[in-house]
Amino acid sequence: MKFFVDTADVAEIRELNDNGLLDGVTTNPSLIMKSGRDYREVTKEICDIVDGPVSAEVTATDFDGMMKEAASLSEIADNICIKVPLTLDGLKACKALTDDGRLVNVTLCFSANQALLAAKAGATFISPFIGRLDDIHLDGMDLIREIRQIYDNYGFETEILAASVRTANHVKEAALIGADVVTVPPATLKSLVKHPLTDKGLEAFLADWAKTGQQIG
Ligand code: G3P
């Protein structure tokens, strides 16, 4: 399973990348707004830090506008992945861009039929939003399960990128179902390492080691 971080916070991205935990980054207009940075400048900086795909989202809603913005975003770096919304124009742009060899992430997916259309349009990644479905009392994980089955039924190569991940449990469930990628906010990604018994065990080992009076090396 690939791990992407869902942020435009360069300091967080650098820290996670230095720890060897990152396979890519996803951004969206809200995350760019939160960063307070110029989109081009911050996206370039992120692309320079991370080797894997960096999703940058178009904001035009018509096909021609999306293609124009995609061309401009693609100039930022070779590892840019164009993010398009799950609309008819977005799917048309997805097809045109992937036919041209671009990486495309189709975002704002909330149904299995939408995911099926994205795969038919040749999407590199489909982004089903787990947390936002949970927010309206549906089960976001059911959607991941349905998409996994549909893609496996037909051998679609589109990667399932579980998005709108809010908890460590979301990560575990998505991994159990077989999502290809999970994109996680920095704090949630870092929280995956935590377990009270690890802390307690380490504390006990270090205390016992100190009693031996020895040093390694
Ligand atoms: O990047 C898209 C997605 O991960 C957004 O998550 O928490 O705003 O629903 P959230």
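Side chains are part of it too, since the values below use all heavy atoms of this structure and drop only hydrogens, waters and symmetry mates. Atoms within a ligand are numbered from 1 in the order they appear, just like the ligands themselves.
- Regarding atom 4 (O) of ligand 1, its nearest protein heavy-atom neighbour is D6 OD2, 2.6 Å.
- Ion pairing of D18 with R14 is absent here, as no side-chain N (NZ or NE/NH1/NH2) approaches a carboxylate O to less than 4.0 Å.
- Against a heavy-atom cut-off of under 4.0 Å, A163 is close to the following atoms of ligand 1: 4 (O).
- D64 has no carboxylate O lying under 4.0 Å from a charged side-chain N of K68, or vice versa, which leaves the two without a salt bridge.
- Salt-bridge formation is not detected for the pair K92/D89: no Lys NZ or Arg NE/NH1/NH2 atom is positioned less than 4.0 Å from an Asp or Glu carboxylate oxygen.
- We find that D208 and K211 are joined by a salt bridge, their nearest charged nitrogen and carboxylate oxygen being less than 4.0 Å apart.
- Each of the atoms 1 (O), 2 (C) of ligand 1 lies under 4.0 Å from some heavy atom of N28.
- When only non-hydrogen protein atoms are considered, atom 2 (C) of ligand 1 lies nearest to F129 CZ, 3.3 Å.
- Closest heavy-atom approach to atom 5 (C) of ligand 1 within the set E57, R166, R132, K83: this belongs to R132.
- Side-chain atoms of E45 never come within 3.5 Å of backbone atoms of V10 as a donor-acceptor pair (strictly under, hydrogens ignored).
- Remark: ligand 1 and S164 share an N or O pair separated by less than 3.5 Å (distance only, no angle test).
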